[in-house]
Amino acid sequence: MYNKEEFKNTIAVFEEKKAKKLNLPVLLRLVGKLDEEGLKDEEILSAFSEMQVCLKDIHKGDNFQTKIFKNTQRQLMSQVSKKYNLVAKVTYMGMCIGIGLAIGAAIGAAMEKKADEEGRLY
């Protein structure tokens with residue numbers, strides 16, 4: 001399955017600000033959710049392996065790997081959303097804010113609550 005501890009150790013070397021910029025807490029929650037659901041997918045495993053290599057290079061100072069990492073991350077999250085109907089927290093909130101702050105936040109919160117009740121939130 002997905003090695004959450006190994007991934008956690010890989011991202012532990014980053015400062016909090018850099019980790020948030022790379023969206024690492026979301027990926028850690030995703031690994032936990034995939035393990036919890038027992039979802040084993042070779043494409044997802046491959047993407048996580050590629051991202052771990054990128055993260056090690058980014059930590060060494062190779063900023064070119066940041067673009068590769070973010071592209072792989074975007075593809076992974078899109079695939080997880082389409083294939084397993086799992087979404088990250090605040091996905092709906094961010095999507096609905098364009099409608100109008102108050103209305104969008106209310107709609108987004110309702111959609112996020114529904115996703116959480118259905119166990120689709122990570």
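Any value given below was found using the heavy atoms of this structure, including those in side chains, with hydrogens, waters and symmetry copies removed.
Residue I58 holds its CD1 atom at 4.0 Å from OG1 of T66, rounded to the nearest 0.5 Å. Within the model, atoms CZ of F48 and CG of L76 stand 5.0 Å from one another, a figure rounded to the nearest 0.5 Å. Residue L55 holds its CG atom at 12.0 Å from CG of D62, rounded to the nearest 0.5 Å. Atoms NZ and CZ, on K4 and R29 in that order, are 10.5 Å from each other to the nearest 0.5 Å. K60 NZ to Q65 CD: the interatomic distance, rounded to the nearest 0.5 Å, is 10.0 Å. Once rounded to the nearest 0.5 Å, the distance linking CG of L28 with CD1 of I11 reads 4.5 Å.
Counting all heavy atoms, side chain and backbone alike, P25 lies closest to A19 at CD-O, 3.6 Å. Here the closest non-hydrogen pair linking V13 and T10 is CG2-O, 3.4 Å. Closest heavy-atom contact between F7 and V31: CD2-CG2, 4.2 Å.
Judged purely by atom type and a 3.5 angstrom limit, D116 has no side-chain atom pairing as donor or acceptor with the backbone of E112. A distance-only check finds no donor-acceptor pair linking the side chain of S78 to the backbone of R74 [under 3.5 Å]. Although no hydrogens or angles enter the test, the distance criterion places no donor-acceptor pair under 3.5 Å between the side chain of S81 and the main chain of M77. Counting only distance, with no hydrogens or angles, the side chain of K33 and the backbone of G119 share a donor-acceptor pair below 3.5 Å.
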(request) Quick one: do K56 and H59 satisfy side chain to side chain contact (heavy atoms under 4.5 Å, CB included)? Show the steps, please. (result) CA-CA 5 Å; K56 289 174 184 174; H59 182 65; 5.8 Å; no
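For K21, the NZ atom sits in a loose shell: 12 or fewer heavy atoms of surrounding residues, nucleotides or ligands are nearer than 6.0 Å. With a 6.0 Å radius and a threshold of 12 heavy atoms from other residues, nucleotides or ligands, E16 has its CD atom at or below the threshold.
One finds no salt bridge joining K114 and E117 here, because no Lys/Arg side-chain nitrogen approaches an Asp/Glu carboxylate oxygen to under 4.0 Å.
Cluster membership for V53 and L27, using ILVMFWY side-chain heavy atoms within less than 4.5 angstrom, is not shared.
If you chain together ILVMFWY residues whose side-chain heavy atoms come under 4.5 Å of each other, I68 ends up grouped with F64.
Two residues are said to be in side-chain contact when any heavy atoms from C-beta on lie closer than 4.5 Å; Q73 and V26 fail this criterion. At a threshold of 4.5 Å between non-hydrogen side-chain atoms, the residues Q79 and D41 count as touching.
Looking at residues two or more places apart in sequence or on another chain, you find no ring pair (Phe, Tyr, Trp, His ring centres under 6.0 Å) involving F69.
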